[in-house]
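Notes to accompany the following structure.
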There are 2 protein chains.
Amino acid sequence: MSTKNKILDAAESLFADKGFNGTSLREITSLAEVNLAAVNYHFGSKKELIKAVMSRYMNELSPILETVLIALCQQEEKPTLNDVFSAFIDPLLSLNVFKENGTSNFLQLLGRGYTDSQGFLRWFLTTQYPGVISNFVTAVQKSYPELTPEDIFWRLHFTMGTVVFTMSSTDALTESDFDKKMDIAGVIRKVIPFVAAGVAAPIGD
Amino acid sequence: MSTKNKILDAAESLFADKGFNGTSLREITSLAEVNLAAVNYHFGSKKELIKAVMSRYMNELSPILETVLIALCQQEEKPTLNDVFSAFIDPLLSLNVFKENGTSNFLQLLGRGYTDSQGFLRWFLTTQYPGVISNFVTAVQKSYPELTPEDIFWRLHFTMGTVVFTMSSTDALTESDFDKKMDIAGVIRKVIPFVAAGVAAPIGD
DNA sequence: GTCTATAACTAGATAGAC
DNA sequence: GTCTATCTAGTTATAGAC
């Protein structure tokens, strides 16, 4: 395994666990068992390392997501909102094949990206991977045409918040707050009806 | 205005904006225009300062919230879920009277508390202010008795996520992503139907 | 490509004068 | 109660040997 990948793996799990600000390069290189200077050699800076960690997932996920969302838009019968949101399940769970704990790590990182470091990662994702978002919006529009673009914008933002927040604080939950342990697939199965119903809520402000 | 309060005010707005990890004591004391050593003199440590910032809000909010939730549980007719969630609007908005930008600051801080610093603040809040949570659960149970305790737990967690995440990333939103500016009351009016519909979603896992 | 050594800086916390 | 000065330990980043 290359030094570069050892760094990426170590950074990923530490970032997911303690946030970008909360993780030092020293912790990363010591977990990865490589030299401190290797981060700067391979990535140039901590900020570029953060981007690289996210890109590894986004490059894997975004073509799959775009494919299923486009298919959903092009099918003859109108998809329900539950269909649209359920379309995310398989691509997200496929990250667990791609990498151990891939699904929850990725969702946790996404959450960090929105709250840590004043949204620079958010900017990075929306500018680098705009196709996922636009196809998602189109799919929602097709299932619920009465929603105004503004309402779609807000409700997708709420959806993002629900999922991302849930995942970034779900480690503690699955361990302590409720005695029944739940895996990531179980949490996703619980959250899909919630967000689908939220987006489907009657309009009227 | 006392040094102690100057520190609390400065810390609050910096914490809300950049997170707990992302804010240094030097930034706080320089915004507050007090000496660096004053933080340690008045609060003992950064961690205690964080607790003090949150306590100022929770001590204001929790008795009001408990009162309205208990009233909702004791009224004769069964409240709708929309009633239950709407019960939060006035208490939350009253924080704007209590302090400028109080509502959004508080909700942002709450979001930080769940993601920064590995949940120590989360522990602090749930152990110090358990009454709010238990009354909330009771109110939801009364409006939707078919929900199992486990489903209530998860859906309230999702609700928390939706609200808290929305608020902790809402500054950027209200400015850039959608041309129509929206104040905090507007966001709350948008989010209530969303979470109410999510909690009210049909069961079946 | 990988290492050691270190520069340049920032963090939280404290001792002691006033 | 507030200040300056400083300690200790942490941070990112880099220069230069191998």
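Below, read A as the first sequence line, B as the second, and so on, with proteins coming before strands; counting in each chain starts at 1.
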Using the rule side chain to side chain contact (heavy atoms under 4.5 Å, CB included), only one of B:Leu31, B:Leu25, B:Val34, B:Val53 pairs with B:Ile7; which is it?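 For B:Ile7, the side chain to side chain contact (heavy atoms under 4.5 Å, CB included) test succeeds with only one of B:Leu31, B:Leu25, B:Val34, B:Val53, which is B:Val34.
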
Please name the residue in the list A:Val195, A:Leu69, A:Val163 that meets the side chain to side chain contact (heavy atoms under 4.5 Å, CB included) test with A:Phe88.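 With A:Phe88 as partner, A:Val195, A:Leu69, A:Val163 yield a single side chain to side chain contact (heavy atoms under 4.5 Å, CB included), made by A:Leu69.
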
Looking at [X], I'd like to know whether one of its side-chain N or O atoms comes within less than 4.0 Å of OP1 or OP2 on [N].
X       : N      : value
A:Thr3  : C:dT2  : yes
A:Ser24 : D:dT11 : yes
B:Asn35 : D:dG1  : no

Provide, to the nearest angstrom, the distance between the [atom1] atom belonging to [X] and the [atom2] atom belonging to [N].
X       : N      : atom1 : atom2 : answer
B:Leu14 : C:dA11 : CG    : P     : 12 Å
A:Leu36 : D:dT11 : CG    : C1'   : 10 Å
B:Arg26 : C:dC9  : CZ    : P     : 14 Å
B:Lys6  : D:dC3  : NZ    : C1'   : 14 Å
B:Lys47 : C:dA13 : NZ    : P     : 10 Å
A:Ile28 : D:dA13 : CD1   : C1'   : 14 Å
B:Ile7  : C:dG12 : CD1   : C1'   : 14 Å
B:Met1  : D:dT2  : CE    : P     : 14 Å

Describe the nucleic acid contact of B:Thr29 in one word from base, sugar-phosphate, nothing, applying a heavy-atom distance below 4.0 Å. nothing

Please state whether the rings of A:Tyr57 and A:Phe98 are parallel, tilted or perpendicular, taking 30° and 60° as the class boundaries.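 Plane angle over 60°, so perpendicular.
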
Parallel, tilted or perpendicular, as decided by the 30° and 60° cut-offs, for the rings of B:His157 and B:Trp154: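 Ring orientation of B:Trp154 relative to B:His157: perpendicular.
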
Please work out which residues in residues 37-46 of chain B have a non-hydrogen atom less than 4.0 Å from an atom of DNA chain D and list them by number.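 Contacting residues: B:Ala37, B:Tyr41, B:His42.
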
Using modelled atom types only, decide if a donor and an acceptor are shared between the side chain of A:Ser94 and the backbone of A:Pro91 within a distance under 3.5 Å.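 Between the backbone of A:Pro91 and the side chain of A:Ser94 there is a qualifying donor-acceptor contact (under 3.5 Å).
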
Indicate yes or no: at least one non-hydrogen side-chain atom of A:Pro130 is less than 4.5 angstrom from one of A:Ile133.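 When only atoms from C-beta onward are counted, A:Ile133 and A:Pro130 do not touch, as no gap falls below 4.5 Å.
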
Between B:Thr80 and B:Asp83, does any side-chain donor sit less than 3.5 Å from a side-chain acceptor? yes

State the CZ-CD distance between B:Phe106 and B:Glu60, to the nearest 0.5 angstrom.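 Atom-to-atom, B:Phe106:CZ and B:Glu60:CD are 10.5 Å apart.
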
Which residues share a salt bridge (charged side-chain N to carboxylate O under 4.0 Å, His left out) with A:Lys99, sequence neighbours left out: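 Per chain and number, A:Lys99 pairs via salt bridge (charged side-chain N to carboxylate O under 4.0 Å, His left out) with A:Asp9, A:Glu12.
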
Dot-bracket notation for DNA chain D is requested: 5' to 3', Watson-Crick or G-U wobble pairs only, both distances under 3.5 Å, with ( ), [ ], | and . as defined. |||||||.||||||||||

